[in-house]
Amino acid sequence: MSLRVRFAPSPTGNLHVGGARTALFNWLVARQSGGQFILRIDDTDRERSSQEFLESILAAMKWLGLDWDEGPYFQSQRAELYRRDAERLLAEDKAYLCYCLPEELARQREAALKAGRPAVYDGRCRDLTRQDRERLEAGGRQPVVRLKVSRAGETVVRDLIRGGVVFNNEVLDDFIIVKSNGMPAYNFACVVDDALMGITHVIRAEEHLSNTPRQLALYRALGYAEPYFAHVPMILAPDRSKLSKRHGATSVEEYRDQGYLPQALTNYLALLGWSPGTEEEIIPQEELVKRFSLERVSLNPSIYDLGKLTWMNGHYLVTVDLEEITSRALPFFQRQGLVSQNPSPKEVDYLRQVVGLVRDRVKTLVEVVDAATYFFTDDWDYEEKGAGKYFTSEAAELLAQAGERLAGVEPFTAEAAEAAYRQLAEELGVKTPVLFHPTRLALTGRTMGPGLFGIMAVLGREKCLERLSRAAVWIRNAAE
RNA sequence: GACCCGUUAGUCAAGUGGUUAAGACACCGGUCUUUCAAGCCGGUAUCAGGGGUUCGAAUCCCCUACGGGUCGCCA
């Protein structure tokens with residue numbers, strides 16, 4: 001039988017980096033084994049689920065290249081399935097109706113916690129008579145369904161990552177499987193779906209490990225085959241707390257919008273909690289598919305390190321096809337109004353040259369834009385410190401001469417411009433930096449950036465001459 | 001509080017009884033250079049603590065400490 005795994009987010013928030021990693025691990029296992037990756041939406045919480053979050057999760061999955069073979073299935077549309085199994089459990093006397101009110105339960109729980117007893121439900125509704133039930137229902141109470149759970153013995157969770165995890169069944173109680181509004185509770189819906197969908201490996205975050213004995217009890221009560229489990233460690237914030245908003249971006253879409261590449265996020269996330277066992281760090285998705293294994297997933301939670309992600313992003317920024325980087329960068333330029341909404345092929349070609357020039361000195365697509373604004377607009381000032389240092393009256397003369405020299409360069413290429421510049425420096429008896437620095441400032445307004453002659457070639461002769469003379473004028477004005 | 005999982009440098013981590021305890025990010029230095037990066041070369045820094053077991057422990061066992069998770073009619 002082929003392997004079947006699933007990712008089951010609940011649409012109550014955006015796709016979190018932790019969720020994304022869980023999805024990635026599932027996807028890798030499926031792709032590696034030729035099995036199926038199923039997407040299920042756990043939307044039984046009607047209050048908190050929203051269409052907006054659903055779309056955002058789907059978009060993030062697609063952006064990461066995590067395609068699914070089946071689904072998305074929606075738990076909200078599978079009520080019949082849960083009802084059928086709940087009724088079966090009731091009929092087989094493996095479950096019962098409970099009329100306790102949430103407030104009563106909360107009070108009991110609190111008291112138990114305070115007294116140092118395990119906070120388990122005492123099973124007081126287990127033996128309600130028909131008369132009891134009728135009386136309570138007449139009083140307007142809507143029952144929940146609870147599973148009868150034996151508290152004898154122990155339950156062993158066979159986990160592919162941590163081996164057997166033993167739980168004393170004392171910690172269990174008759175937990176709720178159907179809420180009073182008729183919706184299935186998480187553990188129940190999850191087990192019914194996983195079983196009915198033929199899920200063979202449940203790969204999920206470690207926070208679910210403590211829930212697993214409950215789910216196992218359900219598999220057994222329902223007579224369903226148990227899957228393999230693999231609980232992957234959590235991803236923590238730098239202060240070792242749960243990753244949250246106050247630690248910065250947490251959702252995949254935020255990273256996308258901040259100019260991170262899916263290649264980088266995928267690679268980084270794969271290495272958070274998993275290691276190939278070799279010295280490699282840069283492992284693209286296709287390679288991950290071949291190399292990934294649950295056995296090599298680590299047991300300890302890992303801390304999210306934005307710095308390393310950023311480094312990796314910088315790496316992918318220069319190694320991924322220029323064509324792809326350009327098209328990913330385009331919306332960032334458009335957002336700044338530097339490139340039109342429907343760019344002509346000529347504009348795109350220009351953009352490609354610009355991106356090619358600046359991409360190896362920045363880390364994100366946002367930085368690509370920041371590093372390249374002067375290619376698209378003349379609306380900037382000279383960097384103050386640089387102007388003080390390089391825009392001397394002598395420089396004005398040099399820039400004027402450089403302009404004259406550039407005017408005659410044919411064809412106007414980076415190589416030809418450089419040759420002309422070096423020759424000019426020699427003729428004037430100045431060291432090349434003396435000529436280069438003011439030129440860079442004149443052309444870009446900045447003291448740092450890509451190779452000077454590459455800039456010239458992309459900018460074009462006309463623009464260069466214009467900016468050179470503009471700088472010369474500026475210097476003379478400043479001198480007065 | 002109870003239960004479960006965990007603990008190798010600031011961070012990600014390799015390591016499965018005998019290693020000079022890999023590698024990467026970050027940091028520091030050097031090199032290259034028209035600038036800034038990148039690249040290249042080099043450096044600082046790690047086995048939570050305590051007991052065992054053993055000729056020998058980062059590796060096996062126990063305790064403590066610390067961190068995380070669960071204990072919801074959230075998922």
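Treat the numbers as computed from the prediction; the structure is a model and nothing was measured. Hydrogens, waters and symmetry mates are skipped; everything else that's a heavy atom, side chains included, is used. Quick note on labels: first sequence line is chain A, next is B, and so on, each numbered from 1.
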Need to verify one output field. Residue with the more 5' nearest nucleotide on RNA chain B, P184(A) or R109(A)?
R109(A)

Closest nucleotide of RNA chain B for R48(A) versus for G451(A): which of these residues is on the 5' side?
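Whichever sits nearer the 5' end wins; that is G451(A).
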
With sugar-phosphate meaning primed atoms plus P, OP1 and OP2, does [X] contact a base, only sugar-phosphate, or nothing at under 4.0 Å between heavy atoms?
X       : result
S275(A) : sugar-phosphate
C98(A)  : nothing
T12(A)  : nothing
D42(A)  : sugar-phosphate
H231(A) : nothing
K431(A) : nothing
S210(A) : base
P102(A) : base
V318(A) : nothing
R296(A) : sugar-phosphate
R240(A) : sugar-phosphate
L299(A) : sugar-phosphate
G273(A) : sugar-phosphate
V165(A) : sugar-phosphate

Distance between the [atom1] atoms of [N] and [M], in whole angstroms?
N      : M      : atom1 : answer
C62(B) : A26(B) : C1'   : 38 Å
A38(B) : C27(B) : P     : 9 Å
A21(B) : U64(B) : C1'   : 26 Å

Please step through salt bridge (Lys or Arg N to Asp or Glu O under 4.0 Å) for the pair R107(A) and E110(A), ending with a clear verdict.
CA-CA 5 Å; R107(A) 221 173 313 122; E110(A) 229 168 273; over 6 Å; no

With respect to the side chain of [X], which nucleotide from [options] is positioned closest?
X       : options                : value
W311(A) : C71(B), C25(B), C73(B) : C25(B)
N300(A) : U35(B), A13(B), U11(B) : A13(B)
F167(A) : C4(B), U35(B), C12(B)  : C4(B)
M448(A) : A38(B), A75(B), C36(B) : C36(B)
S180(A) : C73(B), U11(B), G69(B) : C73(B)
P301(A) : U70(B), G6(B), G23(B)  : G6(B)
R440(A) : C12(B), U70(B), U35(B) : U35(B)

Does anything in residues 352-374 of chain A form a ring pair (Phe, Tyr, Trp, His ring centres under 6.0 Å)? List the pairs, not counting sequence neighbours.
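Every pair satisfying ring pair (Phe, Tyr, Trp, His ring centres under 6.0 Å) with a residue in residues 352-374 of chain A: there are none.
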
Taking OP1 and OP2 of [N], is either one under 4.0 Å from a side-chain nitrogen or oxygen of [X]?
X       : N      : value
S298(A) : C12(B) : no
R446(A) : C36(B) : no
K179(A) : C74(B) : yes
K308(A) : C27(B) : no
S302(A) : U11(B) : no
N168(A) : C4(B)  : no

Ignoring hydrogens and angles, answer whether the base of G23(B) and the side-chain atoms of E281(A) contain a donor-acceptor pair closer than 3.5 Å.
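Checked by distance alone, the answer is yes.
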
Is there a donor N/O on one and an acceptor N/O on the other, under 3.5 Å, for the side chain of R162(A) and the base of C5(B)?
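No, no donor-acceptor pair under 3.5 Å.
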
Among D85(A), D193(A), D42(A), the one residue meeting salt bridge (charged side-chain N to carboxylate O under 4.0 Å, His left out) with R78(A)
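That would be D193(A).
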
I'd like to know if E426(A) pairs up with R422(A) as an ion pair, taking the criterion as any Lys NZ or Arg NE/NH1/NH2 lying under 4.0 Å from an Asp or Glu carboxylate oxygen.
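Answer for the salt bridge query: no.
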
Name the orientation class of the two ring planes belonging to W274(A) and F292(A) (parallel below 30°, tilted from 30 to 60°, perpendicular beyond 60°).
tilted

Once the angle between the rings of W380(A) and Y382(A) is folded into 0 to 90°, is it parallel (under 30°), tilted (30 to 60°) or perpendicular (over 60°)?
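The arrangement is perpendicular - the two ring planes meet at more than 60°.
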
Are Y82(A) and T44(A) linked by a side-chain donor-acceptor pair shorter than 3.5 Å?
no

